[in-house]
Amino acid sequence: MSILIGRETRLVVQGITGREGEFHSRQMLEYGTRIVAGMTPGKGGLHALENRVPVFNTVAEAVRQTGANTSCIFVPAAGAPDAVLEAIGAGIGTVFCITEGIPALDMLPVVEVVRAAGARLIGPNCPGATSPGQAKVGIIPGSIHREGHVGVVSRSGTLTYEAVQAMTDAGIGQSTCVGIGGDPIIGTTFLDVLQLFAADPETEAIVLIGEIGGSAEEEAAAWAAEHLRGVPMAAFIAGRTAPEGKRMGHAGAIISGGRGTAAEKVTALEAAGIRVAGSPTELPALLREAGYRG
Amino acid sequence: MSILIGRETRLVVQGITGREGEFHSRQMLEYGTRIVAGMTPGKGGLHALENRVPVFNTVAEAVRQTGANTSCIFVPAAGAPDAVLEAIGAGIGTVFCITEGIPALDMLPVVEVVRAAGARLIGPNCPGATSPGQAKVGIIPGSIHREGHVGVVSRSGTLTYEAVQAMTDAGIGQSTCVGIGGDPIIGTTFLDVLQLFAADPETEAIVLIGEIGGSAEEEAAAWAAEHLRGVPMAAFIAGRTAPEGKRMGHAGAIISGGRGTAAEKVTALEAAGIRVAGSPTELPALLREAGYRG
Amino acid sequence: MKIQEADAKSLLAAQGLPVPPWAVARTPAEARAAAERFLAHGAGRVVIKAQVLVGGRGKAGGVKLAGSPAEAEEVAGRILGMEIKGIPVRKVLVGPAAVIVKEFYLGAILDRASRRIVLMASAEGGVEIEEVAKATPEAIHRVEAHPLLGLLDWQARELAFAVGLAGPHLRDFVKIAKGLVATMRANDADLVEVNPLAIIRESGPEGHVERLACLDAKVTLDDSALPRHPDLEKLRDLDEEDPADAEARHYDISFIHLDGSIGCMVNGAGLAMTTMDLVNRAGGAPANFLDIGGGAKADRVSAAMRLILADPKVRAILVNIFGGITRGDEVARGLIDARARQEREVPMVVRIVGTNAEEAARLLREAAFETAATLDEAAAKAVAAAGQATGGAA
Amino acid sequence: MKIQEADAKSLLAAQGLPVPPWAVARTPAEARAAAERFLAHGAGRVVIKAQVLVGGRGKAGGVKLAGSPAEAEEVAGRILGMEIKGIPVRKVLVGPAAVIVKEFYLGAILDRASRRIVLMASAEGGVEIEEVAKATPEAIHRVEAHPLLGLLDWQARELAFAVGLAGPHLRDFVKIAKGLVATMRANDADLVEVNPLAIIRESGPEGHVERLACLDAKVTLDDSALPRHPDLEKLRDLDEEDPADAEARHYDISFIHLDGSIGCMVNGAGLAMTTMDLVNRAGGAPANFLDIGGGAKADRVSAAMRLILADPKVRAILVNIFGGITRGDEVARGLIDARARQEREVPMVVRIVGTNAEEAARLLREAAFETAATLDEAAAKAVAAAGQATGGAA
């Protein structure tokens, strides 16, 4: 088992004929992900990736013909919100939106429509997810993973890779690694992913990689304090030394007026009994300290 | 028992200090309806109707202070959609919108929000409902009713009164009479009301008053054919002799291109085993023919 | 409210939709001048189309082509002399005749059943869409616009693929489909139809190009929303309107002229239709549909009486009022007042029930009006009175 | 992106919000001329406000009143000579000083937690709202705009009643609150704040009137949306911008100048912050935050290197790349190329892992770069190198 993606994943890639879409679809196929369809309006009837993936004009058609149940979006920012809505309209249950640079206000109605449909959106501006040994969706390098039982959730891209690599190097495998994305408005939060991990029998420990800005880490910590007692957990928060009032890149991390600081987040996590690492490389040791034996 | 309104109804009247709102609130009070609150923005703190009804600035405040569970709206067309949304936002479960002349496109988002909230809107441009002996909400004259067990549903205003009067004159009482309104976009359809009547133990027979235009009568007939076998029913359709392509008043009744004609509706009703009267005065006799003994 | 094709095209163009140029002409000379301009700017021929609010103008000979200014003048003269379904043609639209590669149907309507704006498209364009719907319903594709977000790009694309559009036309179709919905919203229209939406061929400096264009346009407006669109109210075609309609609108009366001899005055549209039905059932024929609305006062009753009596065919009048908001005594007073001032004596049958019916009955009795207790009785009496008034059977 | 008060007021005024008139002056003489105009048009006094993008200008003496043109010139001269939090004041806003009856706070923000636009209002206006939030959180009222329909009238009314507005101000408040949301949407702002929103007293021909007015305005724009708002991009205040920022933007690099001595080049914002944290932890201080983004090619690496080296405080450079989309060999080539052309010799520690890391390692080895296997090791080496470069402790 795993969360969000696994052996049962039947993926449609929206924007499969674009440069990014094609490159990462190839990586996903090589990792073993079942890409059952591609979708690019106007390219219906073609086949992508050396004829391995049929391309459809609409997601609805892809779903009808191939039974796709998960979507991964590599569509430019201007069209990405519509791409998410199309996937939801076609009955896709889990949508990963990799696209970065989507204006935040564009996402407000989208996350609401997704919620009302009972579906799930991960991202936008997220690296995707990997369930090692089963499937990877998105752009996370497959090579950093190892099969195992630690769930990893992160707002960041490359920082996630850093943390996962550190665990793999220490011999600790992962059930699923999820990058939820660093934009201000995202479909799936830390809290949502913690709840999924809590319900997953294969996930025995959890690593949370947060950063300054917002209050999602605090909310996750509060929930974990109540519902995840006994589950070994470790965390890392980026931006402990970031100066106030500066926006640190497109990730949307910003501290202002003393809210959303690293210190507040660390305090909240530690109050919930979660060990917080000073460097991603310390995460494996902290997990062990927390009692993880996997 | 009854549907939509009854002894448990705690009514807030939105627009109670307007001319129409005040007049009809007085009628409702005299009929015995429990009007627990009025609402007019800026008039909070006053009391309406000789100090019998406290007035609030917001529906939320009215709900908090009085436990109102039903709303009746007498707000001009420009503000009526917002009034419905305010009632829904305040947690009101059943909203009657009496206001006429609301642009149809304004109602599209409103009916969707009502649906998504799991609430119920009757109208707009509807006369309201009466559960004889219990409560009346809206503008239907209380005097035409008689307590009993026939549910009446109608798209029309005065035509409803005509039909109800005919039944009362023939000694046939009503469980609830509902005017769903004649606008193109309404919150509650014939079908919705039939389903409520079907689930109401006190309703033993049903009268449906339709008119030309749209296909709501046909849909109701199809449902009745399947689910209301054994329930005595009678119907009347106005506009049998209306000329094609003419819009008959604000009711939105229009026939064009042979769709939504009276003939089609009569055929559909009769195919469902429902007797159709040639005049409202024949409805009592047809109900008897259908086996109603109440 | 229906508006003319030329006005509908203006509304589409205002939303940025591709509508070829046109001119409106009220005389053959104006049509000739317009044709000259279009022919000088490269049009091979011009099309001349009768501007009437009734359908079927093509079959009636109201749409013709012309190859020269002289021919345009002659053709326009013929069309401007026509009547289509009883309506005299007072205006024609003149425009360059397009070279049509393929025709489609595209319409946006407010759909009561789904409570959505529904977009319908068909590759069978240029013909009566009702006929397509009957013969081959599967040839009409529909999507429901999102009730809060409107028509989404992917929904428009689904329609485009369904009717076989691809390549460069795909993006244009999405814009046009969204433009139809934008036209609905901007003007509170309940119908916006483009039939045909066509791929047309044009020759430019770099050879032939093909593009989508809206060759016809039909828009009907939501009457309830006209108060907030004063500019649209001006598009009402008074040429084609019964003069009585303007007066009825002024008094907030719904009035429709019909062919019978029994004038009807009723409160409420459903009851007004029912009254007409019962007049017919009693062997008569109504002269009008007339709904005085809710809460009518004496002045509105007087106006309604004037409207009814302005029709010389009226031989009897049936007044049917079920008082709710409307007070019966107010109506009775209005009737007494109106009868005192009316120029023509016509038999009248009055039925007033509901709010203040007793007072109304007293007033009517004192004024010696013929009354009736039930609607069936009132209809029968009115039909009989009309028969006597014409000196024979109704 | 932050914009100046005057620009923010223009955006509010464009949505029809009541903003009193103002002028922007870059010299004391311009301020005097503006003051003359406002005083001639009935203002009793004028207000002169420093236009800087940092907060706290009032406390710093950047907001003053003046009663005459001469005083305005003198006051403007003083303010234009100031630095506020290290930023020289280059512009002032001049406007009529309002007679304030009561001040409110009203703000619309994009709220991450609720994923809604949240409107906040308080009767405690005119002061730092963060302080109100800390001291008396119950004095701040909030409503979440409907995610699809926007702020509804009733929601705005609830806020108005909560802050004690009534009577004629009620309708105006609703318009202003909806106008704030409209300003957000029209410009893709993530914050629109009016503090104070004030009831002001004005004398007109019929005596005193009181009305709501937006006396200050703060707007921040969503950087992701700037590409679709070319007009807003022009509002970027280049006066206050580090010249390096423009170059960084050109190459799609996120760059923030800091005070330390270790230049950082990292791919990904989270990893870049982590790199800074680890530099600090190793006893050093980063000279910048720099995220070269995903898929960086050699030219972007060169540009990043130029940005880092332009800072004379930089004594060592730490390059940390975790290849995913970004190919390690591309980065290595960029580094080799950049070093060949750089004018100043600075020790560099490079860590490249992930995609094509082996090829990168070979290239770096051949070019004799100092490398590191882990981030902790890289940070320690960079701190040590910076210490040596300055000839002492880091």
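Just the heavy atoms: all of them, side chains too, but no hydrogens, waters or symmetry mates, feed the values below. Numbered from 1 within each chain, the chains take letters A, B, ... in sequence-line order.
Here the side chains of C:Ile321 and C:Ile292 are in contact, with some heavy-atom distance below 4.5 Å. Between B:Ile180 and B:Cys126, every side-chain heavy-atom pair lies at or beyond the 4.5 Å cut-off. Side-chain atoms of B:Val84 and B:Leu121, non-hydrogen and from C-beta on, do get closer than 4.5 Å to each other. Looking at heavy atoms from C-beta onward, C:Arg351 lies in side-chain contact with C:Leu375 at the 4.5 angstrom threshold.
At a 4.5 Å heavy-atom cutoff, the contact between B:Pro141 and chain C is made by side-chain atoms alone. B:Thr241 touches chain C through backbone and side chain together, each having a heavy atom under 4.5 Å away. Neither the backbone nor the side chain of B:Pro127 comes within less than 4.5 Å of any heavy atom of chain C. Interface residue B:Ile237: only backbone heavy atoms are found under 4.5 Å from chain C. Proximity to chain C (any heavy atom under 4.5 Å) is shown, for B:Ala216, by neither the backbone nor the side chain. For a residue to count as touching a neighbouring chain, one of its non-hydrogen atoms must lie under 4.5 Å from one of that chain's; by this rule B:Glu219 touches chain C with the side chain only. With a 4.5 Å cut-off on non-hydrogen atoms, C:Asp188 touches chain B through its backbone and its side chain both. Heavy atoms of B:Ile102 lying under 4.5 Å from chain C belong exclusively to its backbone. With a 4.5 angstrom heavy-atom cutoff, B:Glu218 does not touch chain C via any of its atoms. With a threshold of 4.5 angstrom between heavy atoms, B:Phe23 does not approach chain C through any atom at all. Both the backbone and the side chain of C:Arg115 come within contact range of chain B, each with at least one heavy atom under 4.5 Å from a heavy atom of that chain.
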- Message: Assess the residue pair C:Thr374 and B:Thr281 against the criterion (side-chain hydrogen bond (donor to acceptor under 3.5 Å, both in side chains)); give the C-alpha distance rounded to whole Å, side-chain angles, the decisive distance to 0.1 Å, and a yes or no.
- Response: CA-CA 8 Å; C:Thr374 69; B:Thr281 50; over 6 Å; no
- Does the pair B:Glu211 and C:Thr274 meet the rule for a side-chain hydrogen bond (donor to acceptor under 3.5 Å, both in side chains), with working shown? CA-CA 9 Å; B:Glu211 62 186 38; C:Thr274 303; over 6 Å; no
- Message: Apply side chain to side chain contact (heavy atoms under 4.5 Å, CB included) to residues C:Asn288 and C:Ile308 and explain how you reach the verdict.
- Response: CA-CA 8 Å; C:Asn288 62 271; C:Ile308 291 170; 4.0 Å; yes
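Here the straight-line distance linking atom CD1 of B:Ile98 with atom CD1 of B:Ile139 works out to 6.0 Å at 0.5 Å rounding. Annotation: the span from C:Ile352 atom CD1 to C:Arg327 atom CZ amounts to 12.5 Å, rounded to 0.5 Å. Residue C:Asp223 holds its CG atom at 6.5 Å from CZ of C:Arg236, rounded to the nearest 0.5 Å.
Partners of B:Phe190 according to the ring pair (Phe, Tyr, Trp, His ring centres under 6.0 Å) rule, which considers only residues two or more places apart in sequence or in another chain, do not exist here. Under the rule for a side chain to side chain donor-acceptor pair (under 3.5 Å), the partners of C:Lys381 that lie at least two apart in sequence or sit in another chain are C:Glu370, C:Glu377. Judged as a ring pair (Phe, Tyr, Trp, His ring centres under 6.0 Å), and not counting sequence neighbours, the contacts of B:His24 are B:Phe74.
Residues of residues 106-117 of chain B that come within less than 4.5 angstrom of chain C, heavy atom to heavy atom, are B:Asp106, B:Leu108, B:Pro109, B:Val111, B:Glu112, B:Val113 in numerical order.
By number of non-hydrogen pairs under 4.5 angstrom with chain C, the leading residue of B:Asp169, B:Ile186, B:Thr189 is B:Ile186. The greatest number of non-hydrogen atom pairs below 4.5 Å with chain C, out of B:Gly157, B:Ser279, B:Ser156, is found for B:Ser279. For the options B:Glu162, B:Gln27, B:Glu20, heavy-atom pairs under 4.5 Å to chain C are most numerous at B:Glu162. For chain C, the option among B:Ala166, B:Gly187, B:Ala78, B:Ser154 with the highest count of heavy-atom pairs below 4.5 Å is B:Gly187.
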